**Q** 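Just dropping this structure here.
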Number of protein chains: 2
Amino acid sequence: MTTRPVTTRPESTRPESTLAERKRRLVSGELTETALQLFVQQGFDAVTVDEIAAAAGMSKRTFFRYFASKEDVVVQFLADLGAGMRAELAARPPEESTATALQHAVRSCVDACAGHADKALRVVRLILGTPSLHARFLERQAQWRDDLAAELAIRLALPSPTALHPRLAAGLALTVFEVVLQLWSDGDGAEDPSALTARAFAAVAPALDAVGR
Amino acid sequence: MTTRPVTTRPESTRPESTLAERKRRLVSGELTETALQLFVQQGFDAVTVDEIAAAAGMSKRTFFRYFASKEDVVVQFLADLGAGMRAELAARPPEESTATALQHAVRSCVDACAGHADKALRVVRLILGTPSLHARFLERQAQWRDDLAAELAIRLALPSPTALHPRLAAGLALTVFEVVLQLWSDGDGAEDPSALTARAFAAVAPALDAVGR
DNA sequence: GCGAACTTGACACTTGGTGACACTAGGGGC
DNA sequence: GCCCCTAGTGTCACCAAGTGTCAAGTTCGC
């Protein structure tokens, strides 16, 4: 899309990447922040993209150069966690049980949320409370699930990447994730998400281990 | 907000209900059929609502009196299964284990799909292959999940309907459902969906029974 | 300073979706 | 027979989400 610097990872480099990149992130951040504020104030559906853009001091067209859809401004924030989740799973030692590895993967996400609890809580509640946002979020999750399943298939050295078991296990893990988010936002962040995750995984673990067999 | 296009209760009454109702179903069926045909031919995004309406011999406005959105024409077909799923769960004898009851509930859906395999397979593949459709479908599923969780909470005589366990169990059941649909459509309907469901539940059952405790 | 590459805004256009209003068909009640 | 009521429909106008295009402006490399 942009320049092709040949090397792989433009993100992972130092904060002082290109000036252009920093600018891009700045604008993007400004956009998300104003959008989020407006959404929380007036509700997702009551805010138009024009309003967001105007409030951020730019044109509608520019908004859509940064986000593929109105929903994306909100969902993106959580969506990035998905990539981290797969990476975390891949990084777990291979001798670890499926259940434990998945638990760590999910927990890394949950902890990331709990890290900026103030912002994350707003976002999560907005998503869970707005059908169209929830839909987009679930769509992303479906991609994560495929990713996780593929990673699990590798981990377990299964012949087919589309087998029943890895998909099931990935699905279970994401179900845990979703339920934990639900309870966390229902309880106004009072419940400790890490503890919730642990409890949920305790219940689900037997099924996950069955997958490993 | 004026008319209530979607949620009439056509199924529960006699087949020979009102003439008006039968007419409604006729038009609705005509609309879905032509829409489905066009979608399969040209892809969901390449077909406009105007085209569908024209092909079915009516106006765009009328289309939206029958379906809340373009996606609904496709999703509705599967969405009705959700209601049946909760009903099926509610009808299971209370002494039955959570796992068995849920398995029967899911199976009733799966069997309903396998029943009209020709149509269902088209629909399922369309949904799983089109992101926006998949998103809407998952949104519906999220509602089912809440319903199932509520039903489970009643079944298990839990104090809070928002507890961790019933939500988890409902999520697991729907994960099974989704994965079975995936494998079924991947395999061109060759795999027996009932058998798939049974296998999946066998793996998941330990977790579900942990819920019952 | 100059040109290339990238970013932005303005404008027009398509499409999903809704509201308002007028028209028709059928079903009683008289 | 007639009148009125209701549900369904078409037409038109309208809003908002996206997208393509082009003409600027900005930054970077040289």
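So you know, we letter chains A, B, ... as the sequences are listed, proteins then strands, and number each from 1. Treat the numbers as computed from the prediction; the structure is a model and nothing was measured.
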**Q** Specify the residue among B/Val27 and A/Ala68 whose closest nucleotide of DNA chain D lies further upstream toward the 5′ end.
**A**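 Residue closer to the 5' terminus by nearest nucleotide: B/Val27.
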**Q** Quick one: side chain to side chain donor-acceptor pair (under 3.5 Å) pairs with a partner in residues 105-120 of chain B, sequence neighbours left out?
**A**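 Qualifying pairs, neighbours excluded: B/Asp111-B/Ser194.
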**Q** Could I get a table of every N or O pair under 3.5 Å where one atom is in the protein and the other is in nucleotides 24-27 of chain D?
**A**
none

**Q** Can you list the residues that meet the side-chain contact (heavy atoms from CB on, under 4.5 Å) rule with A/Leu121, with sequence neighbours excluded?
**A**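 Partners of A/Leu121 by the side-chain contact (heavy atoms from CB on, under 4.5 Å) criterion, ordered by chain and then number, come out as A/Arg125, A/Trp184.
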**Q** Rounded to the Å, how far apart are B/Glu30 CD and D/dT9 P?
**A**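 Going from B/Glu30 (CD) to D/dT9 (P), I get 12 Å.
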**Q** To the side chain of B/Tyr66, which of D/dT9, C/dG9, C/dT8 is closest?
**A**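 Of all the options, the side chain of B/Tyr66 is nearest to D/dT9.
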**Q** How many Å lie between CD on A/Glu51 and C1' on D/dC15, as a whole number?
**A**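 Atom-to-atom, A/Glu51 to D/dC15, this comes out as 12 Å.
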**Q** In whole angstrom, give the distance that lies between atom CE of A/Met58 and atom C1' of C/dT8.
**A**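 Result: 10 Å.
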**Q** Holding to salt bridge (charged side-chain N to carboxylate O under 4.0 Å, His left out), I want the full list of residues that pass it with B/Asp186, two or more places apart in sequence or in another chain.
**A**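 Counting only residues at least two positions away or on another chain, B/Asp186 forms a salt bridge (charged side-chain N to carboxylate O under 4.0 Å, His left out) with A/Arg167.
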**Q** Between A/Glu178 and A/His134, do the side chains contain an N or O donor and an N or O acceptor separated by less than 3.5 Å?
**A**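 Yes.
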**Q** Is it true that A/Arg92 and A/Glu88 have a side-chain N and a carboxylate O under 4.0 angstrom from each other?
**A**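 Looking at A/Glu88 together with A/Arg92, the answer is yes, because their closest N to O distance falls below 4.0 Å.
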**Q** Could you tell me how far apart B/Arg61 (CZ) and C/dG19 (C1') are, to the nearest whole angstrom?
**A**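 So the CZ-C1' distance, B/Arg61 to C/dG19, works out to 7 Å.
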**Q** Identify every side-chain donor-acceptor pair in residues 76-83 of chain A under 3.5 Å, counting partners at least two apart or on other chains, and give the distances.
**A**
| unit_1 | atom_1 | unit_2 | atom_2 | d |
| --- | --- | --- | --- | --- |
| A/Gln76 | OE1 | A/Arg140 | NH2 | 3.4 |

**Q** Between the protein and nucleotides 14-16 of chain C, which nitrogen or oxygen pairs are less than 3.5 angstrom apart?
**A**
| unit_1 | atom_1 | unit_2 | atom_2 | d |
| --- | --- | --- | --- | --- |
| C/dG16 | OP1 | B/Lys70 | NZ | 3.1 |
| C/dG16 | OP2 | B/Val49 | N | 3.2 |

**Q** Counting only distance, no hydrogens or angles, is the base of D/dG18 paired donor-acceptor with the side chain of A/Arg65 under 3.5 Å?
**A**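 In this structure, the two groups form no donor-acceptor pair.
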**Q** Apply salt bridge (charged side-chain N to carboxylate O under 4.0 Å, His left out) to B/Asp50 and list each qualifying residue two or more places apart in sequence or on a separate chain.
**A**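 Per chain and number, B/Asp50 pairs via salt bridge (charged side-chain N to carboxylate O under 4.0 Å, His left out) with no residue.
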**Q** So B/Phe63, base contact, sugar-phosphate only, or nothing? Heavy-atom distance under 4.0 Å.
**A**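 Result for B/Phe63 = nothing.
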**Q** Taking only residues two or more places apart in sequence, or in another chain, which ones meet B/Glu139 in a salt bridge (charged side-chain N to carboxylate O under 4.0 Å, His left out)?
**A**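 B/Glu139 satisfies salt bridge (charged side-chain N to carboxylate O under 4.0 Å, His left out) with no other residue.
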**Q** Please output the side-chain donor-acceptor pairs of residues 28-42 of chain B that fall under 3.5 Å, not counting sequence neighbours, one pair per line with the distance.
**A**
| unit_1 | atom_1 | unit_2 | atom_2 | d |
| --- | --- | --- | --- | --- |
| B/Thr32 | OG1 | B/Ser28 | O | 3.0 |
| B/Thr32 | OG1 | B/Gly29 | O | 2.7 |
| B/Thr34 | OG1 | B/Glu30 | O | 3.2 |
| B/Thr34 | OG1 | B/Leu31 | O | 3.0 |

**Q** Within this structure, what is the CZ-to-P distance between A/Arg24 and D/dC28, rounded to whole angstrom?
**A**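 Between P of D/dC28 and CZ of A/Arg24: 15 Å.
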